[in-house]
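This structure is a prediction, so every number in the text was calculated from the model and none was measured. Every chain is numbered from 1, with letters handed out A, B, ... down the list of sequences.
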Protein chains: 2
Amino acid sequence: MHETKERIVGATADLFRHQGYNGTAVKQIVESAGAPFASLYHFFPGGKEELGAETVRWSGAIYGQLLDVFFQGGDLVTETETFFAAAADTVRDSDYVEGCPIATVALEVATTSEVLRVATAEVFEDWISRAAVRFVDGGVEPDDARPLAIAIISLLEGAFVLARAMRDESHLQAAGAAASLAVRDALKRGAKARRDAKAARRRA
Amino acid sequence: MHETKERIVGATADLFRHQGYNGTAVKQIVESAGAPFASLYHFFPGGKEELGAETVRWSGAIYGQLLDVFFQGGDLVTETETFFAAAADTVRDSDYVEGCPIATVALEVATTSEVLRVATAEVFEDWISRAAVRFVDGGVEPDDARPLAIAIISLLEGAFVLARAMRDESHLQAAGAAASLAVRDALKRGAKARRDAKAARRRA
DNA sequence: GTCTATAGAAGGATAGAC
DNA sequence: GTCTATCCTTCTATAGAC
């Protein structure tokens, strides 16, 4: 990607995460990116909406990689707890400015811009299916993996809302405990399913 | 409350839930409320921000009553599942327009308006403590009640984000299942604590 | 690809009559 | 408390030179 274009997207991602889509002005973006105003419309002929969609997909991909960083096929329970602890640290250390780069925009545009809604939906779908794969690797039954991924991501997103509004990281800890419980439950079911399958094979 | 003022707040609440704070223009509000433009500044000398704060508190109180409707001291697990099922119905029946009236605004203003942030924080605190009381009534240990309430509300908020963005109610079902699990776990701990206390009394 | 300037619409807010 | 008109700012977007 062109250097200036990348700076613009990066600056936009920061601003979206802090203020959302409607709260971020195009002028503020180019200023923050140190980019010429005309460059924005050169790289994004579709204007703010096109830039917004690309930014959503870009930061969605960046954050999606975090799932790969935290879930590496070790103990799923520990990894889940570490994941939420890291989120708690981030939100606190940023003085409750940093949260999810997608959620604010997603809620703002869900009913007002189909282009942007689709972009946020694709990011969430990527996160969910990516997490589900990791969970299966970790011992969760395939049928349980997607609902579990949805629950984990919902807990994270919801806790970010509470934590940022109330300026209190403990919400992410409470959500992390619930996530840990959900993972343990899914692993228990996975272990039972494998035992049952083994017993069935023995009978056959 | 004065009739016109109430109409303005009600219309603002609808618009906030659908488009958020920054996405809603004051002109749109008075138009939607069928109210004279000047009335807005008569009732809310502080302008959009004051109106926004009052709207957040008003719809927060309305939605808080839903907790009392769904959690009436019956079986907590059933009540939790009914609560999430109702949320799923609402979001689907509204064609994924209706979600939480606070979350969008909360994320938008968390770092840009202290007045509005405090309003959203107070609503969330009300919801959490209100739910925690209900959970204790239902058999959850006092120390477990608040974290459980935070987890339940996080699940609901996060699932609303996913459901609206992806136009799929199943996320609320997955979140509801996790909520149900968390409640069952808390009830198990509550029952055990009561057994232990009983045994301790017997020994004494 | 970048510059300056500006159009044109929409935003929040106010004045002053009634 | 409500009416109409309007101010000023900010916003997105474009024009046209370089």
Over how many whole Å does the gap from [X] atom [atom1] to [N] atom [atom2] extend?
X	N	atom1	atom2	value
A:Gln19	D:dC11	CD	P	10 Å
A:Glu31	C:dT4	CD	P	14 Å
A:Ile29	D:dA13	CD1	P	10 Å
A:Ile8	D:dT12	CD1	P	14 Å
A:Glu3	C:dT2	CD	C1'	14 Å
B:Leu40	D:dC3	CG	P	13 Å
B:Asn22	D:dT9	CG	C1'	16 Å
A:Glu50	D:dA13	CD	C1'	14 Å

Any [X] side-chain nitrogen or oxygen under 4.0 Å from OP1 or OP2 of [N]:
X	N	result
B:Thr4	D:dG1	no
A:Ser39	C:dG1	no
B:Tyr41	C:dT14	no

Of all the nucleotides listed ([options]), which has the minimum atom distance to the side chain of [X]?
X	options	result
A:Phe37	C:dG12, C:dG1, D:dA13	D:dA13
B:Phe43	C:dG11, D:dA5, D:dG1	D:dG1
A:His2	D:dC11, D:dT2, C:dG1	C:dG1

Closest-nucleotide ordering on DNA chain C, the 5'-leading residue of B:Tyr21 and A:His42: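 This one resolves to A:His42.
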Given DNA chain C, 5'-ward residue of the pair B:Lys27 and B:Pro45, judged by closest heavy atom: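 It is B:Lys27 whose nearest nucleotide is closer to the 5' end.
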Short side-chain donor-acceptor distance under 3.5 Å, B:Arg117 and B:Ser113: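 The answer is no; no qualifying pair exists.
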Aromatic ring pairing B:Phe37/B:Tyr41, orientation class (parallel under 30°, perpendicular over 60°, tilted between):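 Correct class here is tilted.
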Lys/Arg N to Asp/Glu carboxylate O, B:Lys5 vs B:Glu54, below 4.0 Å: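 Looking at B:Lys5 and B:Glu54, the cut-off is met.
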Pair A:Arg134 + A:Asp137, salt bridge at N-O below 4.0 Å: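 Salt bridge: no.
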Donor-acceptor contact present, side-chain B:Glu108 to main-chain B:Asn22, <3.5 Å: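 Confirmed, B:Glu108 side chain pairs with B:Asn22 backbone.
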Residue whose closest nucleotide on DNA chain D lies nearer the 5' end, A:Gly23 versus A:Ala38: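 Here A:Gly23 is the residue nearer the 5' end.
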